[in-house]
Amino acid sequence: MSEENKTSLAKSFTGLPMDGLIGGPLIAAAKANSLMAIEQVKFLLKYCFSKEDNEEGYHPVMINMSLTRSYLSGSNSEGEPNLEKVTTTFSLPLLTMIPINHLGVNSVEIDFDMEVKAQHQIDSASNSSLIGQRALKGKRKSKPKGFDPSSQKHGYNEVQLVGTVSYDTKEKQTKDSNDHYEKSNSARLSVSVKAGPLPLPVGVNAIIDVFSKSIHPVEVPKTESTDKTDDES
Amino acid sequence: MTSNQVLPCPLCQTQIPFDTHLLLQGQKFSCPNVNCDAVVGIEPNSVPVAEEAMKKFEDLKQEMNNKK
């Protein structure tokens with residue numbers, strides 16, 4: 001057995017911080033979500049928006065759509081109404097046609113049994129520090145209790161659990177009494193990740209909503225100046 | 001239809017469900033509002049742009065599935 005394998009085996013029995021066991025899969029899921037979101041944004045900016053070199057900001061790529069309506073116009077020689085069709089063209093952002101689903105991880109289940117190997121409590125003296133320029137006559141002020149957001153560390157009275165993932169054979173024996181299991185150092189860590197379509201981001205919905213509403217023609221009220229211009233023409 | 005894409009009717013703003021692939025093949029979709037007889041489709045000159053974007057989107061989805 002190589003020296004590296006001996007070292008890794010020894011380390012496996014010393015235990016892992018509990019926050020790493022729980023936070024590790026969650027952090028991995030968050031990273032996966034951010035990667036998917038970044039790829040989607042890149043796609044949108046590359047194919048659904050355009051940007052001129054001398055302009056700031058992006059413009060949506062527009063496609064032309066046709067709108068067909070039927071209407072009755074007059075009647076023929078037999079007295080039957082004439083049904084005619086009229087086609088109108090309107091523009092629509094390409095973004096509305098792409099079936100964008102904000103695909104991401106929406107559920108992470110972590111299931112494991114943990115055997116606590118050790119429990120550490122950080123000494124309050126080691127966390128104390130000088131605050132400000134004025135030393136209080138040689139006395140040191142201790143950091144406040146609880147979590148300090150600025151340093152991302154806990155104050156004193158922090159407890160850290162160290163353990164290993166374990167498999168409880170006794171629990172298994174109570175359920176299946178006919179089966180026989182030998183106690184071993186086997187461990188079990190089950191991580192279930194469920195991915196699915198998440199609601200579109202508010203920003204994307206806003207863009208789609210704004211351009212969708214702009215399709216509907218709006219009647220511009222006539223002003224006096226336009227009336228005069230029309231009369232002169 | 002495999003996808004749940006909708007676009008607002010230009011006349012009555014009712015949501016018109018459509019399928020992007022069928023739309024690109026030339027199919028038109030009617031407004032579900034019984035009082036509105038609007039039928040929408042894509043103009044032929046816009047089909048290449050939309051087809052390229054859809055192809056790139058499908059490639060991106062395939063790439064994401066392969067990475068899993």
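Sequence lines set the chain letters: A, B, ... in the order given, protein chains first and strands last, and positions in each chain run from 1. For the numbers below, each heavy atom of this structure counts, side chains included, while hydrogens, waters and symmetry mates do not.
- Panel note: side chain B:S46, backbone A:N64; a donor-acceptor pair is recorded below 3.5 Å.
- For a residue to count as touching a neighbouring chain, one of its non-hydrogen atoms must lie under 4.5 Å from one of that chain's; by this rule A:T88 does not touch chain B.
- Inter-residue side-chain proximity for B:T14 and B:P32 is flagged as met; some heavy-atom pair is nearer than 4.5 Å.
- Note: B:V40 leads B:V47, B:V40, B:L23, B:L24 in heavy-atom pairs under 4.5 Å with chain A.
- Within the 4.5 angstrom heavy-atom criterion, only side-chain atoms of B:N45, from C-beta onward, approach chain A.
- Between A:L94 and B:V49, some side-chain heavy-atom pair lies under the 4.5 Å cut-off.
- Residues B:N35 and B:C12 fail the side-chain proximity criterion, which asks for heavy atoms closer than 4.5 Å.
- Ranked by heavy-atom pairs under 4.5 Å with chain B, the first of A:V61, A:T68, A:I63 is A:T68.
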